[in-house]
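Quick note: numbers below take in every heavy atom, side chains included, and nothing from hydrogens, waters or symmetry partners.
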Amino acid sequence: MIQISQEAPAEAGAREALLNRAMGPGRFLKPSERLRRGRCPADGLALVARCGADIVGSVRLWHVAAGDRCPALLLGPLAVDPDWQGHGIGSALMETAIAGTAALGHGAILLVGDAPYYARFGFSAEHTRLLKMPAPVLRRRFLGLELQPGALAGATGKVVATSRPVLAPSSDPAALPLVA
């Protein structure tokens, strides 16, 4: 049985091994990686999927500013062990990440990814049409989701990493809803 919960600090090595298996070394060259490098994920929003003691999936969210006015979180990478793909683990991680982000009071999530896959969770390129990543990305792959209506309204300019949260979470990260 797959269980989703918060990543423990001691699981960093297992998570990195999973990301290497699922994504390979090219993951370090992605524009989103520029926003993550050397930073910690948002409190309470580093999730793993486990089968027993094995980590078979992972997703994290990171504080960013969407242009000069809009606080947001950048999702990624979402990864599932190749041996476990097709079992709904990625979807469960996404649902848990979105629910947790909303429960913590965040207004928007950005990501770069496969538009048809992420559209089922409500992501759209319409929310990012006036935003730019730190390096070029295909417009159709640069997606946003508003958890609070209008959270990305007027968001223009470059997406940049923020050193600390620009939004005080409204609840305790330990109280996040988790999908089993």
Side-chain angles (χ1 to χ4, degrees), residues 1-64 71-106 108-114 117-118 120-121 123 133-134 141 143 145 147 159-180:
M1 177 169 171
I2 301 297
Q3 293 189 332
I4 296 176
S5 61
Q6 306 227 5
E7 177 187 317
E11 295 174 318
R15 183 199 67 252
E16 286 299 311
L18 164 72
L19 293 175
N20 287 337
R21 285 191 309 278
M23 305 177 90
R27 70 187 173 99
F28 295 109
L29 303 174
K30 296 183 180 217
S32 296
E33 181 60 26
R34 293 182 185 188
L35 296 169
R36 297 188 290 257
R37 190 173 296 130
R39 301 177 57 229
C40 292
D43 288 343
L45 295 172
L47 305 171
V48 293
R50 293 183 186 84
C51 179
D54 296 329
I55 293 178
V56 297
S58 172
V59 67
R60 292 170 140 203
L61 291 104
W62 312 80
H63 289 282
V64 295
L73 293 173
L74 178 72
L75 186 142
L78 170 65
V80 175
D81 186 294
D83 292 337
W84 284 89
Q85 291 177 0
H87 295 281
I89 295 169
S91 293
L93 282 164
M94 284 300 299
E95 290 167 0
T96 303
I98 292 168
T101 300
L104 289 170
H106 298 286
I109 302 172
L110 304 174
L111 63 81
V112 178
D114 182 52
Y117 178 83
Y118 291 105
R120 70 175 119 168
F121 304 105
F123 285 86
M133 287 293 285
R141 293 179 52 82
L143 310 171
L145 171 67
L147 300 170
V159 175
V160 296
T162 54
S163 59
R164 37 177 100 130
V166 290
L167 173 69
S170 63
S171 61
D172 180 358
L176 285 178
L178 297 175
V179 176

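At distances below 3.5 Å, not a single donor-acceptor pair connects side-chain atoms of E7 with backbone N or O atoms of A12. Under the 3.5 Å distance criterion, the side-chain polar atoms of R39 are matched with a main-chain donor or acceptor of H63. With W62 contributing its side chain and G76 its backbone, the two residues share a donor-acceptor pair below 3.5 Å. Remark: the backbone N or O of S91 is paired with a side-chain donor or acceptor of Y117 at under 3.5 angstrom.
Here C51 contributes atom SG and I89 contributes atom CD1; the two are 7.5 Å apart, rounded to the nearest 0.5 Å. Residue L111 holds its CG atom at 11.5 Å from CG of L73, rounded to the nearest 0.5 Å. The CG atom of L93 lies 11.0 Å from the CD1 atom of I98; values are rounded to the nearest 0.5 Å. Note: I4 CD1 to T96 OG1 = 4.0 Å, rounded to the nearest 0.5 Å.
Side-chain contact between E11 and R50 is present, with at least one heavy-atom pair separated by less than 4.5 Å. With a 4.5 Å cut-off on side-chain heavy atoms, L75 and F121 do not count as touching. F123 places a side-chain heavy atom less than 4.5 Å from the side chain of I109. Between L19 and P77, some side-chain heavy-atom pair lies under the 4.5 Å cut-off. No side-chain heavy atom of D83 sits under 4.5 Å from any side-chain heavy atom of R21. Side chains of H106 and L45 form a contact here, defined as non-hydrogen atoms less than 4.5 Å apart. Looking at heavy atoms from C-beta onward, R60 lies in side-chain contact with R15 at the 4.5 angstrom threshold.
Across V59 and A97, no two heavy atoms sit closer than the pair CG1-CB, 4.1 Å. For the residue pair A49 and I2, the shortest heavy atom distance occurs at CB-CG2, 4.0 Å.
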Subject >> Stepwise side-chain contact (heavy atoms from CB on, under 4.5 Å) check, V159 with L74 >> reply: CA-CA 9 Å; V159 175; L74 178 72; 5.5 Å; no
